[in-house]
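All remarks here apply to the structure that follows.
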Amino acid sequence: MADIIDLMLATGARIGEILALRWEDIALDALRPNLTINGTIKTEPGKGTYRKARPKSDSSVRTVALPDFAIIMLKRRHTASPVNPIDAVFSTRNGTWQQVNNVERRWRQIRQDTGLDWVTPHTFRKTVATLISERVNAETAAHQLGHSSPAITREFYISKPAIAADVARILEDLARANPAATANTSRISRE
């Protein structure tokens with residue numbers, strides 16, 4: 001479970017996209033190690049659990065660079081994990097695809113009694129979007145998450161600050177630029 005969460009935080013991918021990763025989708029020996037998200041996990045009555053060859057949308061197919069902590073985890077996992085017939089990075093003990101619902105249930109059990117009931121797999125995705133948006137921009141966050149437009153990313157994934165940005169020092173420049181004018185304005189606002 002920790003490796004799944006690490007990879008969600010390293011990529012911003014949906015849980016079904018993470019569970020659908022195959023070793024062939026990961027380039028750990030590339031100049032800049034990366035992975036390609038090109039599928040998702042589905043569970044349907046009569047069909048069971050399977051890997052769908054396309055993720056949620058066409059824009060969801062993407063290659064993302066991996067941060068160092070994910071590279072280390074994936075190299076460890078690749079060395080330690082038994083080979084499975086489906087080439088899954090996160091297969092079950094029986095070498096089959098994991099169900100999204102089962103992983104979500106396990107996460108609920110893990111976070112129980114921790115005070116972290118509000119943390120869901122979606123929370124990790126929102127955290128990635130918010131961080132990238134703050135450090136780069138919303139368009140880059142949208143690309144990382146596989147959205148076709150930053151509008152969806154802004155509306156549903158990027159956290160809005162509870163208070164306005166602290167720009168008091170910037171506004172102080174108004175007083176420095178024209179001390180007489182701000183003194184008159186202060187007097188007017190008191191009247």
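The structure displayed is predicted, hence computed values, not measured ones.
Relative orientation of the Trp23 and His78 rings is perpendicular, given thresholds of 30° and 60° on the angle between their planes.
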Exercise for the section: Test Thr127 against Thr130 for side chain to side chain donor-acceptor pair (under 3.5 Å), laying out the working first. Expected result: CA-CA 5 Å; Thr127 299; Thr130 300; over 6 Å; no
Practice task
Kindly indicate, with the supporting measurements, whether the criterion side chain to side chain donor-acceptor pair (under 3.5 Å) is fulfilled by Arg125 and Gln144.
Solution key: CA-CA 10 Å; Arg125 196 161 155 76; Gln144 182 78 20; over 6 Å; no
Practice task
Given side chain to side chain donor-acceptor pair (under 3.5 Å), test Thr40 with Glu17 step by step and report yes or no.
Solution key: CA-CA 4 Å; Thr40 192; Glu17 294 169 340; 5.9 Å; no
Exercise for the section: Carefully, step by step, assess Gln112 and Arg108 under the rule side-chain contact (heavy atoms from CB on, under 4.5 Å). Expected result: CA-CA 6 Å; Gln112 189 176 348; Arg108 284 191 300 274; over 6 Å; no
Exercise for the section: Test Ile18 against Val103 for side-chain contact (heavy atoms from CB on, under 4.5 Å), laying out the working first. Expected result: CA-CA 11 Å; Ile18 293 295; Val103 173; over 6 Å; no
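For the atom pair NZ (Lys52) and OG1 (Thr43), the distance works out to 12.5 Å, reported to the nearest 0.5 Å. Of the inter-residue distances, the one linking Ile15 atom CD1 with Ile41 atom CD1 reads 10.5 Å to the nearest 0.5 angstrom. Between Glu139 atom CD and Ser149 atom OG the span is 9.0 Å, to the nearest 0.5 Å. Residue Ile110 holds its CD1 atom at 6.0 Å from CD1 of Ile5, rounded to the nearest 0.5 Å. Atom CG in Leu74 sits 5.0 Å away from atom CD1 in Ile26 (nearest 0.5 Å). Here the straight-line distance linking atom CZ of Arg176 with atom CG of Leu171 works out to 11.0 Å at 0.5 Å rounding.
Crowding of Asp29 atom CG: a count of heavy atoms from other residues, nucleotides or ligands under 6.0 Å not exceeding 12. When the shell of 6.0 Å around NZ of Lys75 is examined, it contains 12 or fewer heavy atoms from other residues, nucleotides or ligands. The number of heavy atoms from other shown groups lying within 6.0 Å of CD (Gln99) is above 12. No more than 12 heavy atoms of other residues, nucleotides or ligands lie within 6.0 Å of CZ in Arg169, so this atom counts as exposed by the packing criterion.
Thr92 contributes a side-chain N or O that, together with a main-chain N or O of Thr96, makes up a donor-acceptor pair within less than 3.5 Å. Checking side-chain atoms of Arg154 against main-chain N and O of Ala138 turns up no donor-acceptor pair under 3.5 Å. Asn34 places a side-chain N or O within donor-acceptor distance of the main-chain N or O of Arg32, the cut-off being under 3.5 Å. Here the side chain of Arg62 pairs a donor or acceptor atom with the backbone of Leu145 at under 3.5 angstrom. With hydrogens and angles ignored, the 3.5 Å screen pairs a side-chain donor or acceptor of Arg51 with a backbone N or O of Ala20.
Met1 and Met8 end up in the same hydrophobic cluster when Ile, Leu, Val, Met, Phe, Trp and Tyr side chains are linked at under 4.5 Å. Both Val64 and Ile71 are assigned to one and the same hydrophobic cluster, defined by single-linkage of ILVMFWY side chains at heavy-atom distances under 4.5 Å. Both Leu28 and Val89 belong to a common hydrophobic cluster when Ile, Leu, Val, Met, Phe, Trp and Tyr are linked at side-chain heavy-atom distances under 4.5 angstrom.
The minimum heavy-atom distance linking Pro150 with Ala142 is given by the pair CA-CB, 3.7 Å. Shortest non-hydrogen contact noted between Leu9 and Phe69 is C-CZ, 4.3 Å. Nearest heavy atoms, Pro55 versus Val61: CD-CG2, 3.6 Å. Among all heavy-atom pairs drawn from Ser60 and Arg14, the shortest one is OG-NH1, 3.2 Å. Of all heavy-atom pairs spanning Ala141 and Thr153, the tightest one is CB-CG2, 4.0 Å. Looking at every heavy atom in both residues, Ile37 comes nearest to Ala13 through CD1-CB, 3.6 Å.
The shortest distance between side-chain heavy atoms of Trp107 and Ile4 does not fall below 4.5 Å. Within the 4.5 Å cutoff, the side chain of Lys126 has heavy atoms near those of the His122 side chain. Residues Ser91 and Trp97 have side chains not in contact (no heavy-atom distance under 4.5 Å, counting atoms from C-beta outward). Residues Val100 and Leu19 have side chains in contact (heavy-atom distance under 4.5 Å, counting atoms from C-beta outward). With a 4.5 Å cut-off on side-chain heavy atoms, Trp118 and Arg111 do not count as touching.
Under 4.0 Å is where a charged nitrogen must lie from a carboxylate oxygen, and between Lys42 and Glu44 no such pair does. In summary, Arg76 and Asp3 engage in a salt bridge, as defined by a charged side-chain N under 4.0 Å from a carboxylate O.
When the options Leu21, Asp25, Thr63 are evaluated for a side chain to side chain contact (heavy atoms under 4.5 Å, CB included) with Asn38, the one that passes is Asp25.
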